[in-house]
Each structure stands twice: as C-alpha cells, then as structure tokens.
Protein chains: 2
Amino acid sequence: MTTHTDTLAELRASGHRITPQRQIVLEVVENSAEHLDTEAVYQRAHEKDRNISLATVYRTLAILKDEGLIEQRYLARDHAREHYEPVGAPEHYHFTCLDCHQVIEFQSPRVNQMRAELEAELGLLILQACLCLEGYCQSCAAKRAAARP
Amino acid sequence: MTTHTDTLAELRASGHRITPQRQIVLEVVENSAEHLDTEAVYQRAHEKDRNISLATVYRTLAILKDEGLIEQRYLARDHAREHYEPVGAPEHYHFTCLDCHQVIEFQSPRVNQMRAELEAELGLLILQACLCLEGYCQSCAAKRAAARP
DNA sequence: TTCATTGCAAAATTTTTGCATACGA
DNA sequence: TCGTATGCAAAAATTTTGCAATGAA
C-alpha cells in the first residue's frame with residue numbers, strides 16, 4: 001500500500017517540487033471515496049486553501065497522472081470528463097444505462113486476464129486500463145422491448 | 001451487415017427525419033477507415049456540403065449514437081474526444097504509449113467474454129464497450145528501466 | 001540564489017443553445 | 001400544412017497558457 005508520504009517522495013524523486021498545493025490535491029484524491037473530476041477536486045482543494053487556483057489543480061493532476069501516482073477513470077455517462085482516484089483502489093469498472101442513467105459498478109477477472117495476456121504477448125507495460133460500458137439495464141431493456149415489439 | 005439504406009430506415013423508424021445533412025454525416029462515418037472525431041466528421045461533411053454547420057454535425061452524431069446506429073470509440077491518447085465509426089466494424093481496442101505516443105491496436109477475446117458474462121449475470125444489454133489502455137510500449141519501457149535502475 | 005511553481009486573467013478549445021427560417025413527411 | 005431540423009451566431013463549458021511574483025530546495 002502506497003502511503004501519502006511515499007507518493008510525495010516519488011513525486012520529488014521524479015524531479016518535481018513538493019508544494020502545499022500539490023499536497024492538498026493529492027490528499028483530496030486520496031481521501032475521497034468517489035471519483036472526482038477536475039472541478040470537484042478543485043472545489044475540495046479550495047476548501048482547504050482558499051487561494052488555490054483551478055489552473056494549479058489542472059496542472060497538478062496532470063503531473064500526478066503522468067507519474068502514475070493517481071489513476072484516471074472515466075464514467076461512461078460522462079465520458080469526456082476524467083475522474084481521478086488514488087492508485088491501488090479496488091478494481092472496478094462502470095456500466096451506465098443509456099435510459100435511466102444509473103451507473104452499475106462491476107468487477108471482472110477478464111480485465112486483468114487480458115492485461116496479463118497483452119503484457120506477455122506484446123511486451124507492454126500497462127499502467128491504466130479504462131473500461132466503461134454503455135447499454136440498457138435489465139429493467140430499461142425490458143421496457144424498450146415492450147415498447148417496440 | 002447493415003447497409004446505409006437500412007440505417008436510414010432505422011433512423012426514420014425511430015422517429016427522425018431523413019435530411020441531406022444526416023445522410024452526409026452517416027456516409028462520412030461509414031466510409032472512413034479511421035476513427036473520426038466530431039471536427040473531422042465536420043470537415044469531411046463540409047466538403048460534400050459547404051453549408052452544413054458544425055452544430056448540425058454535433059446534433060446528428062448524437063442522434064445516431066443514441067439510436068445505436070454508429071459507435072463511439074475513444075483513443076487513450078486523446079481520450080476526451082469521441083471518435084465515431086460505423087456499427088459492425090471489426091472489434092479492436094487501443095493501447096497508447098505514454099512516452100512515444102504510438103497507438104497499438106489489439107484484439108482480445110476477453111472483452112466479448114466479459115460482455116457475455118455481464119449480460120448473463122446482471123441482465124444488462126451492452127451496446128458499447130469502451131476500452132483503452134495506457135502505459136509504456138516494449139521499447140519505451142526498456143528505456144525507462146535503463147534510465148532509472 | 002535559482003528556477004520550478006503559482007495565481008490571475010486572458011485565450012483557446014470544444015460543445016451547446018436560442019431563434020428565425022427552411023424543408024421533410 | 002405541421003412540426004422537425006437547420007444555420008448562424010452567441011453563449012456556455014472546459015482547458016490551456018503567458019507572465020510577473022512567489023517560494024521550495
């Protein structure tokens with residue numbers, strides 16, 4: 001398990017300076033249960049430091065992501081927006097219903113299986129896997145089938 | 001294999017009108033080998049109809065996507081931008097190297113396996129699967145390992 | 001001290017929307 | 001004819017960037 005301190009050390013080791021702003025952004029991502037997009041990270045960071053700027057949050061998230069210190073996830077419902085979470089969070093992906101818009105989180109061993117296969121076959125080092133599914137949930141699929149026989 | 005005419009019929013059946021602009025947008029997506037983002041679709045559509053507007057392209061792509069008549073794909077390299085392609089294109093996903101930025105296309109039976117499992121277990125109807133991987137390709141991974149022993 | 005980092009504001013980019021007009025069915 | 005769809009232009013939403021001042025190492 002990577003700790004906050006470890007992550008800061010890695011950040012420094014990769015040639016970046018440790019600033020209060022960066023510590024705050026990291027804390028926010030590490031301590032949130034949900035996936036936060038950039039705006040949400042900014043809002044929470046802003047509560048801790050009234051002077052932090054949105055530009056700094058953008059820049060910091062980009063650095064942390066580039067260094068592999070946080071992960072990005074995309075929700076299908078709002079795919080264009082990146083959501084961040086700490087590395088090491090339990091693996092899960094998202095299915096979004098196109099009709100009722102509920103998000104169903106799921107796990108599947110197939111993803112890691114595939115990652116391992118690709119790494120072995122193609123020699124890749126896979127750091128991030130983005131997987132999101134869209135379609136209709138059970139009840140909405142049933143409704144649509146009934147509406148259009 | 002769904003034909004252009006079939007797709008238009010489905011579009012009409014779902015309550016939308018067939019306009020020259022919509023036909024052009026559909027043709028562009030169907031006839032392009034690459035994945036086009038909205039701007040690229042607009043550019044190609046614009047060559048065929050100098051008066052077509054970007055707003056119409058946005059609106060048309062949204063409709064076609066909502067109706068499941070085209071699919072969206074996301075490339076990890078440029079994840080925030082949607083890329084469209086016709087339904088029924090051969091399954092493939094993307095890995096992007098964070099260093100040299102090359103995009104490696106790959107296939108994996110694990111995806112369909114997972115889709116089938118999820119549909120069976122959760123009763124979902126999965127229409128779109130977005131999967132993109134990021135990390136380092138074989139040579140870039142080797143370089144990084146050498147640079148930071 | 002030195003240079004990476006910051007905040008601010010402006011710019012750039014991308015997408016959406018209001019509305020009068022045009023046109024498909 | 002009737003109401004959807006369009007083009008335009010303006011607005012909204014999101015992200016990036018220039019620059020002088022600040023502050024981490």
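Note that this is a predicted model, so its numbers are computed, not measured.
Here dT16(C) presents its P atom at 14 Å from CD of Glu39(B), a figure rounded to the nearest Å. The separation between Arg22(B) atom CZ and dG24(C) atom P is 12 Å, rounded to whole Å. At whole-Å resolution of the value, CG in Leu64(B) and P in dA5(D) are 12 Å apart. Taking atom CD of residue Gln43(A) and atom P of nucleotide dT14(D), one finds them 11 Å apart after rounding to whole Å. Rounded to an integer number of Å, the gap from Gln23(A) CD to dA25(D) C1' is 14 Å. Taking atom CD1 of residue Ile18(A) and atom P of nucleotide dA25(D), one finds them 6 Å apart after rounding to whole Å. Atom CD1 in Ile24(B) sits roughly 14 Å away from atom P in dC23(C) (whole-Å rounding). Rounded to whole Å, the distance from CD1 on Ile63(B) to C1' on dA5(D) is 8 Å.
Here the side chain of Thr56(B) pairs no donor or acceptor atom with the backbone of Ile52(B) at under 3.5 angstrom. Remark: side-chain polar atoms of Ser14(B) are paired, donor with acceptor, to backbone N or O of Leu11(B) under 3.5 angstrom. With Arg17(B) contributing its side chain and Arg12(B) its backbone, the two residues share no donor-acceptor pair below 3.5 Å. Looking at Glu119(A), its side chain does come within 3.5 Å of a backbone N or O of Ile126(A) through a donor-acceptor pair.
For dT4(D), neither phosphate oxygen OP1 nor OP2 lies less than 4.0 angstrom from any side-chain nitrogen or oxygen of Thr19(B). When the side-chain nitrogen and oxygen atoms of Tyr58(A) are compared with OP1 and OP2 of dT15(D), one or more of them lie within a distance under 4.0 Å. Considering only side-chain N and O atoms, Gln21(B) lies nowhere under 4.0 angstrom from the phosphate OP1 or OP2 of dG24(C). Look at Arg17(A) and you won't find any side-chain N or O under 4.0 angstrom from OP1 or OP2 of dC3(C).
Partner of Thr60(A) under the side-chain contact (heavy atoms from CB on, under 4.5 Å) criterion, out of Gln23(A), His16(A), Arg22(A), Lys65(A): Arg22(A) alone.
Near-neighbour residues of DNA chain C inside residues 46-56 of chain B, defined by a heavy atom below 4.0 Å, number-ordered: Leu54(B), Ala55(B).
Using a 4.0 Å heavy-atom cutoff across all strands shown, Arg59(B) reaches at least one base atom of the nucleic acid.
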| task | Verify salt bridge (charged side-chain N to carboxylate O under 4.0 Å, His left out) between Lys48(A) and Glu27(A), making sure each step is shown before the conclusion. | result | CA-CA 10 Å; Lys48(A) 302 191 178 190; Glu27(A) 278 170 28; 3.3 Å; yes
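Across every non-hydrogen atom of Phe95(A) and Phe106(A), the tightest pair is N-CE2, 3.8 Å.
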